[in-house]
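I'd like to ask some things about the structure below.
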Number of protein chains: 2
Amino acid sequence: MRSVRDALDLLGGKWKLPIILALLGGPKRFKQLQREVVGITAKMLSKEVKELEINGLLRRQVQAEAAPVAVTYTLEAYGDTLFPVIEALHDWGRQPRNHIMHPQEIVVEKTEAFEQVAAA
Amino acid sequence: MRSVRDALDLLGGKWKLPIILALLGGPKRFKQLQREVVGITAKMLSKEVKELEINGLLRRQVQAEAAPVAVTYTLEAYGDTLFPVIEALHDWGRQPRNHIMHPQEIVVEKTEAFEQVAAA
DNA sequence: CCGTATCCTCATCGATACTG
DNA sequence: CAGTATCGATGAGGATACGG
């Protein structure tokens, strides 16, 4: 449970996961990123990307010194390990909402891995 | 990506996942829940639990009408399907932070499931 | 192109006190 | 026990404009 909270601290907020998701597709530049993460403002993107860099999830690289400057953001290996998290979130978000009509179709077996997670 | 955002909408905030995690261990009463979800106030627990009920993630049952009242919160089957999400978050939160020193130890293979998620 | 500076609003969260 | 009421702090997030 502590580790779930830890993860939530690093990934909390509206934008961090969507940014990482975009970068899973490969390195991106600032404007590119802003286009893919629909709805984010330059201010928020700048701020979030800064935090993600501090936490070692991505790397920021300035390509040229002259104007116009080019900056590339690349996911670190550590950020890459978030893939299972995003995948789980994605799978869950895709679920139909008619679970109440067909509850028997949704089955999750616990007892093994469950104990480890719940006990932590 | 839309589904990741959908999931984030339902699970956003500081407390929803920790509450669900606690309920994965079985039905709980209000006070029990407040004890297990360390740091949450009665106000927040009340509010979060209400939202989770509206979204069909848990069920609220009043056990007795006389005082002292007993209320039990039980995870719905739909809420149960969040287990993979919590597990992924938990696994990720457990990772050592020395990834920078040993980047080669962290390997994630993409290319199959990756394409589906990134394309969504 | 890549941001930062301001200003602003609103939701989130917390503390404390109180009720059925 | 299971909450609600009230007040207040904080910060996330957005709009707009501007700078290197």
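Note on naming: letters A, B, ... go to the chains in the order of the sequence lines (proteins, then strands), and numbering restarts at 1 for each one. Values in this document were obtained by computation on a predicted structure and should not be read as measured data.
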key: Any B/Tyr73 side-chain nitrogen or oxygen under 4.0 Å from OP1 or OP2 of D/dC1   = no
Rounded (10°) bend between the five-pair end axes of the helix from C/dG3-D/dC18 to C/dG20-D/dC1 = 40°
Anything under 3.5 Å between a donor and an acceptor, one on a side chain of residues 8-19 of chain A, the other on a protein residue two or more places apart or in another chain? List them.
unit_1	atom_1	unit_2	atom_2	d
A/Lys16	NZ	A/Gly12	O	3.4
A/Lys16	NZ	A/Glu48	OE1	3.3
A/Lys16	NZ	A/Glu51	OE1	2.8

remark   = Between CG of A/Asp9 and P of C/dT12 the distance, given in whole Å, is 17 Å
message = Measuring from atom CG of A/Leu58 to atom CG of A/Leu52, what distance do you get when rounded to the nearest 0.5 angstrom?
response = 5.0 Å
query = A/Arg5 has an atom CZ; how far is it from atom C1' of C/dC13, in whole Å?
reply = 12 Å
query = Choosing from D/dG20, C/dT4, C/dG3, which nucleotide comes nearest the side chain of A/Val71?
reply = C/dG3
request  = Could I get the full list of side-chain hydrogen bond (donor to acceptor under 3.5 Å, both in side chains) partners for A/Thr72, not counting sequence neighbours?
outcome  = A/Gln63
query = Taking the side chain of A/Arg60 as heavy atoms from C-beta outward, which of D/dT4, D/dG14, C/dG3 is closest to it?
reply = C/dG3
inquiry  = One pair to check against side-chain contact (heavy atoms from CB on, under 4.5 Å): A/Asp80 and A/Tyr78. What are the steps and the verdict?
reply    = CA-CA 5 Å; A/Asp80 242 7; A/Tyr78 181 44; over 6 Å; no
Protein-nucleotides 8-12 of chain D N/O pairs under 3.5 Å:
unit_1	atom_1	unit_2	atom_2	d
D/dA12	OP2	A/Lys47	NZ	3.3

message = A side-chain contact here means heavy atoms from C-beta on lying under 4.5 Å apart; do A/Val62 and A/Arg60 qualify?
response = yes
request  = Any chance you could lay out the side-chain contact (heavy atoms from CB on, under 4.5 Å) test for A/Ile86 and A/Leu89, step after step, and finish with the verdict?
outcome  = CA-CA 5 Å; A/Ile86 294 181; A/Leu89 234 20; 5.5 Å; no
inquiry  = Could you check, using the six-membered ring where one of them is a Trp, whether A/Trp92 and B/Phe83 have ring centers closer than 6.0 angstrom?
reply    = no
inquiry  = Whole angstroms only, please: what is the CG-C1' distance between B/Leu45 and D/dT4?
reply    = 13 Å
message = For A/Ala88 versus B/Ala88, what's the shortest heavy-atom pair and its separation?
response = CB-CB, 4.2 Å
ask   = Taking only residues two or more places apart in sequence or in another chain, which ones pass side chain to side chain contact (heavy atoms under 4.5 Å, CB included) with A/Arg59?
value = A/Gln61, A/Thr74, A/Glu76
Side-chain polar contacts of residues 26-40 of chain B - donor-acceptor pairs under 3.5 angstrom, sequence neighbours left out - could you list them?
unit_1	atom_1	unit_2	atom_2	d
B/Lys28	NZ	B/Ala22	O	3.1
B/Lys28	NZ	B/Gly26	O	3.2
B/Gln32	OE1	B/Arg29	N	2.9
B/Gln34	NE2	B/Ile40	O	3.4

key: B/Glu48 CD - C/dC13 C1' separation (whole Å)   = 9 Å
Out of D/dG13, D/dG3, C/dT4, whichever nucleotide has its closest atom nearest the side chain of A/Ala42 = C/dT4
remark   = For B/Lys50, the side chain to side chain contact (heavy atoms under 4.5 Å, CB included) test, sequence neighbours excluded, returns B/Ser46
ask   = So, is B/Ser46 near the phosphate of D/dT4, with a side-chain N or O under 4.0 Å from OP1 or OP2?
value = yes
Neighbours of DNA chain C within residues 27-39 of chain A, by heavy-atom distance under 4.0 Å = A/Arg29, A/Phe30, A/Lys31
request  = Take atom CD1 of B/Ile19 and atom P of D/dG3, then tell me their distance rounded to the nearest Å.
outcome  = 12 Å
